[in-house]
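Reading through the structure tokens given below for one structure.
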Amino acid sequence: MPITEILFWALSAAAIIAALLVIFSKNPVHSVLWLIVVFFAISGHYVLLNAQFLAIVNMIVYAGAIMVLFLFVIMLMNMNADQEPNKSKWMKIAGVLSGGSLMLLLVASLKNSQAIAGGGDAGIGLIQQLGKTLFSEYVVPFEISSVLFLSAMVGAVILGKKEKNLTEADSTN
Amino acid sequence: MPINYYIFLSICLFSIGIIGVLTRRNAIIIFMCIELMLNAVNLLLVAFSRMHHAAAYAVDNASLVGAEAQIFVFFIMVVAAAEVTVGLAIIVMLYRNIHSVDINFLNRLKH
């Protein structure tokens, strides 16, 4: 068994177990920490798929920035204690059943697909090639994404601003 | 590894995300499950990029086909980061107004 296969199975098992723990842990902080484990496993998969740049970006942006933001919000709200009272059992069963049947449907429809093994590699995942592609062919979407970030920043600041003498019904005006 | 295994792994992660969205009632955990689904799709895109590149590499071993998909994943991460900032700001605002993030109490739009 080659080392890449061992790594694939180990990372897959880690990703799926950690993803299950994300949705089944009671404490939101634990969910965030398990989600970080999922993101690290997915970064490992990116390395196995020769997408080294995306592996690093995934680690920095997702595991570094976004999850810290989640953790910050959870600790800001002081939600360490479990706050999910009187959850309906039937809703849970229905959710698990519908998600499981979606998975069953997708697996059944794709299980006869042709297996294609990965071949050679000309280094498309390295930062040099991706940078050339990004700044030659995709420079307009890159610039537009800066506008998107600016609008997201403005939106976050406006939404997070403390409102005075307003109820939430007419706060948008 | 054959690409099929990556497809099945992505399906598993995506379904786990869907189960989380449908069963949990904490808005932040639902948001995290959406991030999980986005990452499953990203993994699938990278796997397809690898497969596409391998097919082109067999013909021409200087081919750079497949870099577009990785640029695509990069832009998905950009949009996800913007989405998270706005979404968490909305959740903080809701928490400030109704002192809970349980989605059963977030039904003001109905009335």
Side-chain angles (χ1 to χ4, degrees), chain A residues 4-5 8 12 15-16 19-20 22-23 28 31-32 35 38-39 42 45-46 49-51 54 57 61 65-66 69-70 73-74 77 83-84 87 92 95-96 98-99 102-103 106-107 110 113 115-120 122 124-125 129-130 133-134 138 141 145 148-149 152 155-156 159-160 168, chain B residues 1-5 7-9 11-13 15-16 18-20 22-26 28-29 32-33 35-36 39 43 46-47 49-51 53-54 57-58 61-64 66-68 70-71 73-75 77-79 81-82 84-86 88-93 95 97 100-102 108:
Chain A
T4 52
E5 279 191 31
F8 173 83
S12 303
I16 289 176
L20 284 173
V22 168
I23 63 172
S31 286
V32 171
L35 198 58
V38 177
F39 289 155
I42 288 177
H45 277 299
Y46 287 164
L49 286 165
N50 283 328
L54 286 179
V57 168
V61 172
I66 293 182
L69 205 60
F70 271 101
V73 169
I74 286 174
M77 291 177 183
Q83 292 186 349
E84 293 197 8
K87 47 191 131 188
K92 285 199 151 187
V96 171
S98 42
L102 176 79
M103 182 169 87
L106 287 172
V107 168
L110 290 168
S113 57
I116 300 177
I124 53 163
Q129 289 306 327
L130 284 181
T133 314
L134 182 63
Y138 294 92
S145 68
L148 175 73
F149 264 122
L159 284 174
E168 64 271 22
Chain B
M1 292 301 289
I3 230 72
N4 300 39
Y5 292 153
I7 295 176
F8 293 139
L9 175 64
I11 289 172
C12 284
L13 289 178
S15 305
I16 290 171
I18 283 185
I19 290 172
L22 291 177
T23 53
R24 296 304 298 261
R25 284 173 34 196
N26 189 332
I28 291 183
I29 302 218
M32 278 160 46
C33 290
E35 294 302 311
L36 189 63
N39 263 277
L43 181 63
V46 174
S49 140
R50 175 91 175 118
M51 181 175 76
H53 178 72
Y57 187 86
N61 65 1
S63 161
L64 295 176
E68 293 90 350
Q70 301 197 3
I71 298 289
V73 173
F74 183 64
F75 280 118
M77 286 180 186
V78 166
V79 173
V84 164
T85 52
V86 177
L88 282 177
I90 290 173
I91 289 178
V92 169
M93 193 189 72
Y95 182 76
N97 282 328
S100 165
V101 286
D102 194 327
R108 297 286 168 92

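Chain identifiers are assigned alphabetically (A, B, ...) following the order of the sequence lines, protein sequences preceding nucleic acid strands; residue numbering begins at 1 within each chain.
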task = List for me each residue that meets ring-ring contact (aromatic ring centres under 6.0 Å, His included) alongside B:Phe74, sequence neighbours excluded, and say none if there are none.
result = A:Phe53
Interatomic spacing from NE2 in B:His53 to CG in A:Asn50 - rounded to 0.5 Å = 8.0 Å
message = Nearest 0.5 angstrom please: A:Lys92 NZ to B:Thr23 OG1, how far?
response = 6.0 Å
Testing the basics here: between [X] and [Y], what is the closest heavy-atom pair and its distance to 0.1 Å?
| X | Y | result |
| --- | --- | --- |
| A:Ala15 | B:Leu13 | O-CD2, 3.9 Å |
| A:Leu134 | B:Phe75 | CD1-CZ, 3.8 Å |
| A:Ile66 | B:Ala81 | CD1-CA, 4.0 Å |
| B:Cys12 | A:Ile16 | CB-CD1, 3.9 Å |
| B:Val92 | A:Met77 | CA-CE, 4.0 Å |
| B:Leu43 | A:His45 | CD1-CB, 3.7 Å |

Heavy-atom side-chain contact between [X] and [Y] under 4.5 Å:
| X | Y | answer |
| --- | --- | --- |
| A:Leu35 | B:Leu36 | yes |
| B:Ile28 | A:Pro28 | no |
| B:Thr85 | A:Phe149 | no |

message = I need the residue from B:Ile18, B:Val86, B:Ile7 with the largest number of non-hydrogen atom pairs under 4.5 Å to chain A.
response = B:Val86
Looking at chain B, which one of [options] has the largest number of heavy-atom pairs inside 4.5 Å, strictly under?
| options | result |
| --- | --- |
| A:Ser98, A:Pro141, A:Gly155 | A:Pro141 |
| A:Val61, A:Val22, A:Leu69, A:Val38 | A:Leu69 |
| A:Leu106, A:Leu102, A:Leu54 | A:Leu54 |
| A:Val96, A:Leu148, A:Val32, A:Leu130 | A:Leu130 |

query = Given that the side chain runs from C-beta out, which part of B:Asn4 has a heavy atom under 4.5 Å from chain A: side chain, backbone, both or neither?
reply = side chain
task = Check each atom of B:Ile90 against the heavy atoms of chain A and say whether the ones under 4.5 Å are side chain, backbone, both or neither.
result = both
Expected output: side-chain A:Tyr138 to main-chain B:Ile71 donor-acceptor under 3.5 Å = no
ask   = Mind checking what makes side chain to side chain contact (heavy atoms under 4.5 Å, CB included) contact with A:Ile23, not counting sequence neighbours?
value = B:Ile16, B:Ile19, B:Cys33
